[in-house]
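Structure record follows, encoded as structure tokens.
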Amino acid sequence: MTHRVLLTGATGFVGGNVAAVLADRGVELLCAVRRDPGPTLPWPWRLTDLRNPSDITEALAEHRATSVLHMAIDNDLQGLYRDRRAGFDAYVGMTRRIVDAANAHGAQVGYLSTDWVFDGTGHLVDEDEPVNPLNLYGLFKAQSEQVVLDRADGGFVARVGGVQGRHLTQPAAPRQQDCGFGYFVLSLVDALSAGREFTVWQDGAINGVASPVTAAEIGARLLLALDRRADGILHVVGATAVERQELARETCRVFDLDPGLLRTGPVPAGEMLPAPMPYDTSLATPRTDEVLGVRPFGLADQLASLRRELETGLPAPLTLPSSVGGAS
Ligand SMILES: NC(=O)c1ccc[n+]([C@@H]2O[C@H](COP(=O)([O-])OP(=O)(O)OC[C@H]3O[C@@H](n4cnc5c(N)ncnc54)[C@H](OP(=O)(O)O)[C@@H]3O)[C@@H](O)[C@H]2O)c1
């Protein structure tokens with residue numbers, strides 16, 4: 001059976017990489033988008049209002065979807081605090097509508113979640129560790145996870161963190177270090193390649209340790225999860241827990257860049273998020289390894305694949321196709 005996937009969030013950073021990998025591996029994709037993405041989006045799309053349950057149901061039916069991968073996100077943390085009710089609906093309400101529509105249609109659900117559901121006091125935390133979010137983003141993600149775990153007839157939660165890669169639908173967008181790990185590696189590569197210094201932020205109040213994985217690799221592992229009809233919680237991360245400074249040094253080594261241009265310093269004014277953040281969000285993968293039948297790749301491999309992506313312009317997942325587009 002060929003996977004027929006309805007994908008939310010395909011115009012975003014992770015969603016675009018996931019779409020590229022799935023399409024390349026023979027999945028029939030339909031991207032549920034909220035506005036006309038213009039002529040450059042390379043995958044089939046459909047305007048879909050994720051606030052409207054019947055529109056989601058129609059999208060699933062039109063595509064004859066066998067699964068829905070939900071990775072759309074309102075990424076404005078400050079906005080969540082300004083309007084909690086709207087934020088709750090954009091996370092938990094939307095997830096519930098998608099799960100209900102998928103149940104009615106007989107489709108499997110894959111929900112992309114985050115290492116920020118934890119409080120950051122652990123290290124290499126297992127899939128069955130109880131969550132303890134520190135901010136509204138982590139809380140709403142944890143509540144959305146629970147919707148999938150309790151309510152979906154078939155489906156899984158895939159927690160990711162320390163995601164590295166290129167934004168495929170906005171390749172010209174500036175890549176910047178932030179209080180999480182997103183874009184850390186390529187913002188460093190951009191700076192050092194241009195001969196500029198790069199200041200690694202050091203502050204116990206930001207996300208300081210994670211298990212980096214490339215966005216393309218997430219796509220390959222989500223396909224495995226669909227192949228295997230995974231359920232429960234998966235940790236889709238790299239095998240290496242790393243601090244920011246170590247990540248910076250390892251990036252210099254793999255990309256042949258001058259570590260002499262690295263500096264450390266505080267988070268610049270205005271860049272700190274207005275909420276507590278988890279420090280160590282590294283994840284372990286014992287259950288995921290069993291469910292997917294593969295072990296995660298370490299940091300050097302993740303960085304080498306990112307370098308290949310930068311050189312070729314193509315996503316370079318490390319996990320190879322098990323059964324191209326095929327689910328038994
Ligand atoms: N990036 C990371 O480092 C990271 C780390 C951990 C977990 N994650 C998880 O990965 C997922 C994707 O994150 P991302 O960083 O790729 O996000 P992103 O780049 O901000 O993309 C967000 C996507 O969601 C869409 N979207 C937002 N609100 C929507 C709505 N109301 N209806 C329909 N679509 C909507 C956006 O569409 P428009 O293009 O129309 O705005 C865009 O396609 C999220 O679940 C996030 O929690 C990401």
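Taking each heavy atom of Y279 and D203 in turn, the nearest pair found is CE1-O, 4.2 Å. Nearest heavy atoms, C179 versus W116: O-CZ2, 4.1 Å. Closest approach of H167 and T11 over heavy atoms only: CE1-O, 3.3 Å. Closest non-hydrogen pair, M272 versus I206, comes out as SD-CG2, 3.5 Å. The two residues V109 and A102 make their nearest non-hydrogen contact at CG2-CB, 3.5 Å.
Panel note: side chain T281, backbone V209; a donor-acceptor pair is recorded below 3.5 Å. S211 places a side-chain N or O within 3.5 Å of a backbone atom of L283 that can act as its donor or acceptor partner. Put simply, the side chain of Q164 never gets that close to the backbone of L186: no donor and acceptor are under 3.5 Å apart. Not a single donor-acceptor pair under 3.5 Å links the side chain of Y91 to the backbone N or O of A142.
Between R46 and D55 there is a salt bridge, with a side-chain nitrogen of the basic residue lying less than 4.0 Å from a carboxylate oxygen of the acidic one. Salt-bridge formation is not detected for the pair E309/R166: no Lys NZ or Arg NE/NH1/NH2 atom is positioned less than 4.0 Å from an Asp or Glu carboxylate oxygen. The residues D126 and R287 are annotated as not salt-bridged, no charged nitrogen and carboxylate oxygen being separated by less than 4.0 angstrom.
The number of heavy-atom neighbours closer than 6.0 Å to CZ of R51, taken from other residues, nucleotides and ligands shown, is 12 or below. By the neighbour-count criterion of 12 heavy atoms within 6.0 Å, atom CZ of R263 is densely surrounded, having more than that number from other residues, nucleotides or ligands. The 12-atom threshold is not exceeded at CD of E290, counting heavy atoms of other residues, nucleotides or ligands nearer than 6.0 Å.
The OG1 atom of T95 lies 11.5 Å from the CZ atom of F140; values are rounded to the nearest 0.5 Å. With values rounded to the nearest 0.5 angstrom, F181 atom CZ is found 5.5 Å from N207 atom CG. Interatomic distance, CZ of R308 versus CG of L310, reported as 12.0 Å (0.5 Å rounding). Of the inter-residue distances, the one linking E250 atom CD with L299 atom CG reads 5.0 Å to the nearest 0.5 angstrom. Rounding to the nearest 0.5 angstrom, the gap separating the CG atom in L77 from the CZ atom in R82 is 10.0 Å. For the atom pair CZ of F88 and CE of M94, the computed distance is 12.5 Å after rounding to the nearest 0.5 Å.
Side-chain contact of D115 with H235: a donor-acceptor pair under 3.5 Å is absent, judged by distance alone. Using modelled atom types and a 3.5 Å distance limit, the side chains of S282 and H123 yield a donor-acceptor pair. Donor-acceptor pairing under 3.5 Å is recorded for the side chains of H70 and T8.
Within the 4.5 Å cutoff, the side chain of V237 has heavy atoms near those of the T285 side chain.
Applying the side-chain contact (heavy atoms from CB on, under 4.5 Å) test between V5 and each of V27, V18, L30 identifies V27 as the sole match. Shown are V92, T114, V117, D150; of these, the side-chain contact (heavy atoms from CB on, under 4.5 Å) with E145 is made only by V117.
Between Y183 and F13, the two ring planes are tilted [angle within 30° to 60°].
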